[in-house]
Amino acid sequence: MKRHSIGKKFRKIKALKKADPQAIIPEAPEQLQKYIQELTSKGLKINKVQYAMFQTKNGLSYPGLIATEPIMPKDTLVSLPKELLLTTLHAFESPLKQIFMEYPQLFSPKFLPQWEDYQFLAYLLYEYQRGSESKWHLLISNLPRDIDYAVFWRPEDQAFLEDKYLVKLAKKQHQDFMVAFKTLKYITDKYRNLFKPGTVTLENAIWLYTHIVSRSFGGQGLKYVTMVPFCELFNHEQVDVCYDLSYKDRSSNYDDVFMSKKIVKGQEDVDVDDLSLSSSDNSQGSEDDISDSEFVMGDYDEYQEFDFDSYKNSSFRNFHENLRRMSEIKPLPNEEQEEFYQRVQNQQQFLNKFRKEFNIKLNIQRDVFQLAIDCKSFLFKNIDFGDNYSIFFLGQVFQVLDATIHDFFQEDKSSAKAREDIKKVHITCTVYKDYLYGFLNNVMKQPIQQKINMFAQKIGRRLTRGFETVEQVLSQPVDRRCEFYKSDWERDKFVNFHMRTRDPFEKGSQVYFCYSRLSNRQMLLKYGMALEYNKYDSTFLRVEYLKYLKNKEAIWIVHRFKLNKFKRFKLKFTVPPYGLIVFCKSVNWTLYENSIDTLFKINDLKLERKGLLLARQILVEENSKFKDTIEELEKQLYDQSVGYHEYFAIVYRLERLRLYRYNINLINICIVVLDRIMNGVPFLEAKQKTEYDNEFYETNRNVLNTYFEQMRSTKQLSK
C-alpha cells in the first residue's frame with residue numbers, strides 16, 4: 001500500500017477529517033427542521049452528523065454537516081427508505097406523461113442525452129406550483145435559491161476565471177439550456193390545465209435545474225437520476241464517504257472488508273485513495289471537450305504529394321509522341337523498295353518491343369507506387385493523425401516514401417531496392433503502431449477502440465452544434481410508430497439508501513462526500529465551486545507545434561487534414577506529464593537513427609534528456625504567461641471583499657498555477673536524476689532528494705516511481 005500518495009499529502013495540508021475551529025452549529029432553519037422531522041417520521045436515520053455552518057478562508061459562510069462525535073470507518077451516517085427518494089420514474093409516471101409522450105424531441109433518450117434532466121425539471125416545476133399539496137413540498141422548498149454554477153454566472157464573474165476556453169464552454173452550455181428552457185416554456189404553455197401561469201419562469205427553471213445538475217445522484221446501483229433528501233447537505237471533498245444500497249436478500253453492496261479499507265487480493269499495490277467507489281466510478285462528464293479546438297484551415301503549397309495518375313497520363317502522352325515520330329519512316333534516296341520494307345518491318349518490331357517494355361515499366365512503377373500507397377493507407381486506418389505525437393513520425397515516413405518513389409521513377413533506384421525500402425517503412429509503421437497503442441493503453445490509460453477506423457479522426461473532431469431555436473428542436477421528425485421510452489421501466493430493487501464512510505473523522509470536523517473524480521474545471525461547470533489541493537484537478541497545456549515540424553511533408557499533412565493548431569496535454573498532480581515528454585522526444589527523434597521504442601520508453605538517455613529539457617522549456621514559457629503568482633493568489637483568498645464567485649475563480653487560477661509549478665518541479669527532478677545516472681551515480685543514490693523536492697520528497701518519489709523504474713531498467717541494460 002502506498003504510504004506517500006499525493007492524496008494523503010493534500011489531505012494533510014488541508015487538515016481534512018480534523019476538527020474545524022471555525023465551524024458553528026446554529027439552530028437549523030425552521031423549514032429544514034420541519035423537513036428533517038417529516039423525514040425522520042418516515043424512516044430517515046441520522047448518525048453522528050448535524051447541520052452546521054462553515055467558512056471559506058475569507059469568511060464566506062456555507063452550510064454542511066459536522067461530526068457530533070468521533071466517526072469510525074464502517075459507520076453509517078445516514079439511512080433512508082427507498083420511498084423517500086425522488087427519481088425520474090416519478091416524473092414519467094406523473095400526469096406529465098402525456099407531455100413526454102407528445103414531445104419526445106425534448107424528453108426522450110432517442111433525441112437528447114439530457115432527457116432525464118428535462119423530465120425532472122418539468123416535474124419539479126409541476127410539483128413546486130402545487131405547494132403544500134405536493135408530496136415533495138419540503139424537499140423542493142429546502143432547495144436554496146442562492147446557489148448556482150459557472151454556466152449561470154454573470155459575464156463579469158466568468159471573467160474572474162481568466163480562462164477563455166472554460167468561459168466559452170460555459171456560454172455554450174448556457175445557450176443549450178436557454179434553448180431547452182424556451183422549448184419547455186412553449187410546450188407547457190399548451191397545457192394550462194397542468195401548469196399555472198407564472199410557474200415556468202426562467203428564474204424558477206434555473207433554480208431547479210441547478211439542483212438537478214449539482215445535487216442529484218446516479219449510477220452505482222441507482223437506475224435513474226435521483227434526489228436524496230437530506231444528503232444534499234454533504235459537501236464535496238476527497239474523502240472516502242460513499243453511498244451504499246441494502247437489499248432484502250443481502251445486507252448491502254459493500255462488505256466490512258471493503259468498508260474497513262482492508263487490502264483485497266489483487267489490489268496490494270493500489271493506492272488506498274483509489275479503492276473508493278465513490279471517488280472512482282461514474283465520473284461526471286469528460287474534460288476532453290473540444291470546445292477550445294482551433295483547426296488549420298489554409299492551404300500549403302510548398303509540397304505536392306506525388307500524383308501517379310498525372311505521371312501516367314504524362315508518360316502516355318510522351319510515349320505516343322515518341323511512337324508517332326519513330327513510326328514516320330520515309331524511303332531513303334536510292335533505297336530499294338525491298339530494303340525499305342525490311343527497314344519498316346524492323347522498325348515495327350522495335351516499336352512493338354518499345355510498347356511492351358513501356359507497359360511493363362509502367363506496371364512495375366504502378367506496383368511500387370501502390371506499395372507506398374498501401375503503407376500510407378495502413379497509417380490512415382491505424383493512426384490518429386491528430387493525436388499528440390504521431391505527426392513527427394508521419395512526416396518522416398511520408399518523406400522517406402516520397403524520396404523512394406522519386407528515386408525509383410528517376411531510375412536512381414532499382415525496383416527491388418524500392419520494394420525493399422518500402423517494406424522496411426511498412427514494418428517500421430507496424431512497430432510504431434504497436435508501441436503507440438501500448439503507450440496509450442498502459443501509460444495514458446486511453447484504450448484504443450480498434451474496431452473504429454481511425455481515418456474518421458483525421459479531419460479532426462468538430463464540436464457538434466446544438467439547436468439554436470425552439471423550432472429546430474421541435475421540427476425533428478417524430479415517427480409515432482416508434483417507442484421513444486421503455487415500455488416497462490425497471491424498478492430499483494434496493495430497500496434502503498445509506499451514506500457510509502471508510503474514513504475516520506474527528507469530532508467537530510466537516511463530514512464530506514466525494515461526488516466523483518472531478519477536476520476544478522468540471523466542478524465549476526457543475527457545482528460552481530473549486531477545491532484547493534484537489535488531487536483530481538488537471539489543466540490543459542496547449543502547445544503550438546507547427547514551429548517544431550522540420551519537414552514539408554508533416555506541415556502538408558496538418559493542412560491537408562485540417563488538424564488542430566494545438567497539441568493539448570493534461571497536467572495532473574497524480575502522474576508526470578508523460579504525454580508532453582513523448583511529444584518533446586518526438587521533436588528530437590529521427591527515423592532510422594533512433595529506434596521506435598525510445599519514443600515511448602526510456603531506452604536512450606540522451607534522447608530522454610533532450611525531451612525533458614524541451615518539456616521544461618515549454619512549461620516555463622507557458623507558466624510565464626500567467627499574470628498572477630501563486631503567492632499573490634494565496635493572499636487574495638483571505639480578502640474579505642471577495643465574493644463567492646470570485647473566491648472560487650481565484651482557487652481555480654491558483655490550482656492551475658500549482659499544477660504548472662508541480663509539473664515543472666517533476667521535470668526538473670527527472671533531469672537531475674537522469675544527469676546523475678549519466679554521470680555514473682548508482683541509481684538508488686541518483687534518485688535521492690533534489691533541490692526541487694521541497695517538502696514533497698516522498699510524494700514525488702511515489703508519483704515518479706514508474707518513470708524512475710524505467711530509468712533503473714535502462715541503466716541495468718546498459719551495463
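The closest donor-acceptor contact from the side chain of Tyr647 to the backbone of Lys57 lies under 3.5 Å. No donor-acceptor distance shorter than 3.5 angstrom exists from the side chain of Thr590 to the backbone of Glu593, with no hydrogens or angles considered. Gln688 places a side-chain N or O within donor-acceptor distance of the main-chain N or O of Leu684, the cut-off being under 3.5 Å. No donor-acceptor pair under 3.5 Å is formed between the side chain of Ser516 and the backbone N or O of Leu518. Of the possible donor and acceptor atoms, one in the side chain of Asp537 sits under 3.5 Å from a partner among the backbone N and O of Asn520. In this structure, Lys689 contributes its side chain and Glu698 its backbone to no donor-acceptor pair below 3.5 Å. Using modelled atom types, no side-chain atom of Lys9 and backbone atom of His4 make a donor-acceptor pair closer than 3.5 Å. Judged by distance alone, the side chain of Trp153 and the main-chain N or O of Ala159 form no donor-acceptor pair under 3.5 Å. Checked by atom type and distance alone, the side chain of Arg701 pairs as donor or acceptor with a backbone atom of Lys687 at under 3.5 Å. Judged purely by atom type and a 3.5 angstrom limit, Thr598 has no side-chain atom pairing as donor or acceptor with the backbone of Asn594.
With a 6.0 Å radius and a threshold of 12 heavy atoms from other residues, nucleotides or ligands, Phe626 has its CZ atom above the threshold. Other residues, nucleotides and ligands contribute only 12 or fewer heavy atoms inside 6.0 Å of the NZ atom of Lys572. In Lys14, the NZ atom is crowded: over 12 heavy atoms of neighbouring residues, nucleotides or ligands sit closer than 6.0 Å. Lys635 NZ: 12 or fewer foreign heavy atoms inside a 6.0 Å radius. The neighbour count for Gln640 CD, taken as heavy atoms of other residues, nucleotides or ligands under 6.0 Å away, does not exceed 12. Within a 6.0 Å radius of CD in Glu709, more than 12 heavy atoms belonging to other residues, nucleotides or ligands are found.
Applying the salt bridge (charged side-chain N to carboxylate O under 4.0 Å, His left out) test to pairs two or more places apart or on separate chains, those with a residue in residues 664-677 are Arg609-Asp675. Each side chain to side chain donor-acceptor pair (under 3.5 Å) pair with one or both residues in residues 610-619, not counting sequence neighbours, appears once here: Arg616-Asn668, Gln617-Glu621.
A salt bridge does not link Lys424 to Asp421: none of the charged nitrogens lies less than 4.0 Å from a carboxylate oxygen. Here Arg656 does not pair with Glu622 in a salt bridge; the nearest charged N to carboxylate O distance is not below 4.0 Å. Ionic pairing of Glu544 and Lys567 is not present here: no N-O contact between side-chain nitrogen and carboxylate oxygen is shorter than 4.0 angstrom. We find that Arg658 and Glu634 are joined by a salt bridge, their nearest charged nitrogen and carboxylate oxygen being less than 4.0 Å apart.
For the pair Lys376 and Phe398, the cation-pi criterion (under 6.0 Å, within 45° of the ring axis) is fulfilled. Taking the centre and axis of the six-membered ring of Tyr437, the NZ or CZ atom of Lys433 falls inside the cone set by 45° and 6.0 Å. With Phe540 as the aromatic partner, Arg568 meets the cation-pi criteria of under 6.0 angstrom to the ring centre and within 45 degrees of the ring axis. A cation-pi contact, defined as under 6.0 Å to the ring centre and within 45° of the axis, is absent between Lys562 and Phe295. Geometrically, Lys526 does not engage Tyr149 in a cation-pi contact defined by less than 6.0 Å to the ring centre and at most 45° from the axis. The side-chain tip of Arg542 points at the ring of Tyr165 from less than 6.0 angstrom away and within 45° of straight on.
Aromatic pair Phe378/His426: ring centres closer than 6.0 Å. For Phe152 and His174, the gap between ring centers is short of 6.0 Å. A centroid separation of less than 6.0 Å is found between the aromatic rings of Phe369 and Phe306. In this structure, Phe561 has its ring center under 6.0 Å from that of Phe380. Between Phe392 and Phe583, the ring centre distance stays below 6.0 Å. Taking the six-membered ring for Trp and the full ring otherwise, Tyr515 and Tyr527 have centroids separated by under 6.0 Å.
Between His645 and Asp148, the side chains place a donor N or O and an acceptor N or O closer than 3.5 Å (distance only, hydrogens not considered). Looking at Thr690 and Asp693, their side chains do bring a donor and an acceptor atom within 3.5 Å of each other. A donor atom on one side chain and an acceptor atom on the other are not found under 3.5 Å apart for Tyr533 and Arg11. Checking Ser390 against Tyr432 by side-chain atom types alone, a donor-acceptor pair falls below 3.5 Å. Residues Tyr652 and Asp163 have side chains that bring a donor and an acceptor to within less than 3.5 angstrom of each other. Side-chain contact annotation: Asn551 with Gln396, donor-acceptor N/O pair under 3.5 Å absent.
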Take Asn564 and Glu294, measure what side chain to side chain donor-acceptor pair (under 3.5 Å) needs, and give me the verdict at the end.
CA-CA 6 Å; Asn564 201 332; Glu294 297 178 32; over 6 Å; no
Run the side chain to side chain contact (heavy atoms under 4.5 Å, CB included) test on Tyr303 and Ile555 for me, step by step, so that the C-alpha distance in whole Å, both residues' side-chain angles and the decisive distance to 0.1 Å come before the verdict.
CA-CA 9 Å; Tyr303 167 81; Ile555 300 173; over 6 Å; no
Is there a side chain to side chain contact (heavy atoms under 4.5 Å, CB included) between Lys565 and Val558 once you walk through the steps?
CA-CA 8 Å; Lys565 292 180 181 179; Val558 172; over 6 Å; no
I would like to know whether Arg517 and Lys535 meet side chain to side chain contact (heavy atoms under 4.5 Å, CB included); could you show each step before the answer?
CA-CA 9 Å; Arg517 290 182 172 181; Lys535 170 186 174 180; over 6 Å; no
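A 4.5 Å side-chain heavy-atom check between Tyr300 and Glu302 finds at least one atom pair inside the cut-off. Contact of the Leu633 side chain with the Ile630 side chain is not registered, since no non-hydrogen atoms from C-beta on lie closer than 4.5 Å. Considering only heavy atoms from C-beta on, Val703 stays 4.5 Å or farther from Phe573 through its side chain.
Atom OG of Ser586 is separated from atom CG of Leu394 by 10.5 Å, given to the nearest 0.5 angstrom. Leu436 CG to Asp384 CG: the interatomic distance, rounded to the nearest 0.5 Å, is 9.0 Å. One finds the CG atom of Leu613 at 9.0 Å from the CG atom of Asn588 (value rounded to the nearest 0.5 Å).
With sequence neighbours excluded, the residues forming a side chain to side chain donor-acceptor pair (under 3.5 Å) with Tyr662 are Asn700, listed by chain and number.
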